Participant: 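Take a look at this one; I'll ask things after.
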2 protein chains.
Amino acid sequence: MHPKIDMHSHIMPERLPDWADKFGYDGFIHLVHHKPGFARMMQGEKFFREIASNCWEPGLRIREYDTHGTQVQVVCTIPVLFSYWAKPADGLDISMFLNDHLAEICSLYPRHYIGLATVPMQDTDLAIQELERCKKLGLPGIQIGSNINNKNLSEPEFMPIYEACESLGLAIMVHPWNMMGKGDMEKYWLPWLVGMPAETSRAACSMIFSGVFEKYPRLRVCFSHAGGSFLPTIGRIAHGYECRPDLVAVDNPVHPRSYLGKFWVDSITHDPLLLEYVLKLQGSKRVCLGSDYPFPLGDLDIGKFIEEMDLPSNVKEDIFVNATLEWLDLKAEDFFESKHEERSDRKSIAQQSER
Amino acid sequence: MHPKIDMHSHIMPERLPDWADKFGYDGFIHLVHHKPGFARMMQGEKFFREIASNCWEPGLRIREYDTHGTQVQVVCTIPVLFSYWAKPADGLDISMFLNDHLAEICSLYPRHYIGLATVPMQDTDLAIQELERCKKLGLPGIQIGSNINNKNLSEPEFMPIYEACESLGLAIMVHPWNMMGKGDMEKYWLPWLVGMPAETSRAACSMIFSGVFEKYPRLRVCFSHAGGSFLPTIGRIAHGYECRPDLVAVDNPVHPRSYLGKFWVDSITHDPLLLEYVLKLQGSKRVCLGSDYPFPLGDLDIGKFIEEMDLPSNVKEDIFVNATLEWLDLKAEDFFESKHEERSDRKSIAQQSER
């Protein structure tokens, strides 16, 4: 099996502060540990999702992902914790709490975790302030939502944040959330199955057409879930740009196809045929192994379908390791030892007991 | 060049009644013929779209699509004319007006036009009443929206309509409209570039997961724009069905992948690579040449990119002719003569003067 870095996974602290009490208003996520090994995420009084201890126990996670031949996991918060809707100072407080937790895990397991911060996107100045702090904490990037309280990523207020990421050398992962149409299609899980891929396309279009990649050419951006519906609908999007430049090319004259292979996407397609299509558009250096671990909609076999695909070994190595290292501007030697050392390291982790 | 049927195009009458005046409330589409050969579609006082005379002149259209080697065009109304929001009786009145116009064109040019009706989906009984009338008018199918006033195509109230279509032998084309997220992403034409593909996936998921194809196995349904984002995200959708049947498989236990190649899609991808992917999933007998003529976002070269693809001749013949004939349950000999006759017929049409 190839060595692997899984660049798309979610983690959270086992205990959260009582933010509603602290800030004096409701709507924040809190956890109810209702039975051993499980907790209910509650949004105020509303049940959001049941999670298991692999959502918060770093050692347990390492043992789980080791069984799939993964050595390193990139971790970030669960989008519902972004709290972009909160008052800016409170959003900053929450971000700092979550980022300190990420940094702590990374310092405890430096060869097994890489953290992507969250920042209060609802306030440009506070977001940049937290970006600078996260850089010092050693986090190599941030995760942002596909929209910020329904504002698109093309809005001028987000440009200084991209600029700061570029100058600090921080990568960006764009994750779908706050899905369009959610209220009208709750049945059959459609916000997750239909809304999320659309959200990622909305985000990619917004960044491309507003000229983010022209303004900040060294910015390294990765779109989740293989770019959602963006790459499969690039024909339609490009044709829209060509036939109605008066509507589409109003802020950036560059053809959208010229950005293919410049940004990164993850591999979460659940489908070898679509991954082949994505590889043809992006090239293997711009497709990163991702899983969405530990959530059920993720690729919880962590790239098994890619192992089974008839792809050249160097293409798999790009997907499993190189694309992510280049996206995050990190070095292989910081995570991978020689074969012998790696094996003994993995064995000791697998035997390690939970705190 | 192969003979061709273009099964996705839009047409409307040159003159519309003053529905606002007739029904006593506003919001209906009317046309302002502001200069020769062009008209403004107005929604009340709001400008919707400028259209040209190829939106309403059947002879001009025939000459235009003949230059692309197309002999037959399937025509239906422009979704903004669905008027599902109107009072049911008024919706029926509008549908009857539009369907009479479609039937008239088809009877004037029986070898060049096939019409898909519109029905007042806001009222099940009236919709079925109009379905029965359209059957008598000789229209072989209907076009419906991807949602009906934000209700999904999974709603029980639509089942009798599907049942009537099945028993009358009428085909259905599902067209995106009333796009999710529209209000939050007007810039860069995103409702058309991002919202429309999502809408079609929403519609396909809603019909599949509510068991429409199990209940009405002889129902022939075609999803526009190559199924929107549905086919490219089938991996995610199928995985959602597998991992959370409690959310997804609540009304239909059948795996969503088993419907691939059962419904039809059109070819409007603007991209040979995506069309190859679609053909692998659907098979060539379930992919129909479509253009979205006469609108700029359409494939106005009408299948030129498919002619240029390295596909076996029988695959192209399926896409250009056979898939559509099977979808609409029509016979080739009703449209295509022997080579000699066909050529002289085309010549006479090309020479025919506009009424």
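Note that this is a predicted model, so its numbers are computed, not measured. Letters go in sequence order (proteins before strands), and every chain restarts at 1.
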Participant: Restricting to non-hydrogen atoms, name the atom on B:R202 and the atom on A:L190 that form the minimum distance, rounded to 0.1 Å.
Facilitator: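 Result for this residue pair: O-CD1, 4.2 Å.
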
Participant: Restricting to non-hydrogen atoms, name the atom on B:R244 and the atom on A:P296 that form the minimum distance, rounded to 0.1 Å.
Facilitator: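 Shortest heavy-atom contact: CD-CG, 4.3 Å.
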
Participant: Quick one: which of B:N147, B:L193, B:D299 has the most heavy-atom pairs under 4.5 Å with chain A, could you say?
Facilitator: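 Answer, by heavy-atom pair count under 4.5 Å with chain A: B:L193.
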
Participant: Looking at A:D271, A:L297, A:T269, which hits side chain to side chain contact (heavy atoms under 4.5 Å, CB included) with B:R236?
Facilitator: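 Running side chain to side chain contact (heavy atoms under 4.5 Å, CB included) over A:D271, A:L297, A:T269 with B:R236 returns exactly one hit, A:L297.
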
Participant: Could you have a look at B:M196, B:E199, B:K182 and say which one has the most heavy-atom pairs with chain A under 4.5 angstrom?
Facilitator: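 So the answer, after comparing B:M196, B:E199, B:K182, is B:M196.
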
Participant: Heavy atoms, side chains only, cut-off 4.5 Å: are B:L281 and A:L273 in contact?
Facilitator: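 They are in contact (side-chain heavy atoms under 4.5 Å apart), so the answer is yes.
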
Participant: Taking all non-hydrogen atoms of both residues, which atom of B:S201 and which atom of A:V194 are closest, and how far apart?
Facilitator: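 Minimum heavy-atom contact is OG-CG2, 3.7 Å.
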
Participant: Between A:V248, A:D184, A:I268, who has the most heavy-atom pairs with chain B when the cutoff is under 4.5 Å?
Facilitator: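 Maximum pair count with chain B is reached by A:D184.
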
Participant: Just give me the residue among B:A238, B:A249, B:S210, B:G195 that pairs up with chain A most often, heavy atom to heavy atom, under 4.5 Å.
Facilitator: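 Heavy-atom pairs under 4.5 Å are most numerous for B:S210.
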
Participant: Quick check: do A:D251 and B:Y188 have side-chain heavy atoms less than 4.5 Å from each other?
Facilitator: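 A:D251 reaches B:Y188 side chain to side chain.
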
Participant: Going by heavy atoms in the side chains, are B:N152 and A:K187 under 4.5 Å from each other?
Facilitator: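 No, every pair of side-chain atoms sits at 4.5 Å or beyond.
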
Participant: Indicate the atoms forming the closest heavy-atom contact of A:H270 with B:G235, along with that distance.
Facilitator: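 Reported closest heavy-atom pair: CB-O, 3.4 Å.
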
Participant: Can you establish whether the number of heavy atoms outside A:K304 located under 6.0 Å from its atom NZ is more than 12?
Facilitator: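 No.
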
Participant: State the CD-CD distance between B:E276 and A:E276, to the nearest 0.5 angstrom.
Facilitator: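 Taking CD in B:E276 and CD in A:E276, the distance rounds to 10.5 Å.
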
Participant: Check B:W189 against A:C243 and note the closest heavy-atom contact, atom names and distance.
Facilitator: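 For B:W189 and A:C243, the tightest heavy-atom pair comes out as CZ3-SG, 3.9 Å.
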
Participant: Can you say whether A:L300 sits under 4.5 Å from chain B via the side chain, the backbone, both, or neither, judging by heavy atoms?
Facilitator: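 When you check distances to chain B, no heavy atom of A:L300 falls under 4.5 Å.
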
Participant: List the atom of A:G181, the atom of B:M180, and the distance in Å for their closest heavy-atom pair.
Facilitator: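 Minimum heavy-atom contact is CA-CB, 3.9 Å.
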
Participant: I need the residue from B:L247, B:V250, B:T233 with the largest number of non-hydrogen atom pairs under 4.5 Å to chain A.
Facilitator: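 It is B:L247.
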
Participant: So which of A:A204, A:G228, A:G298, A:S206 has the largest heavy-atom pair count under 4.5 angstrom toward chain B?
Facilitator: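 Of the candidates given, the most pairs with chain B belong to A:G298.
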
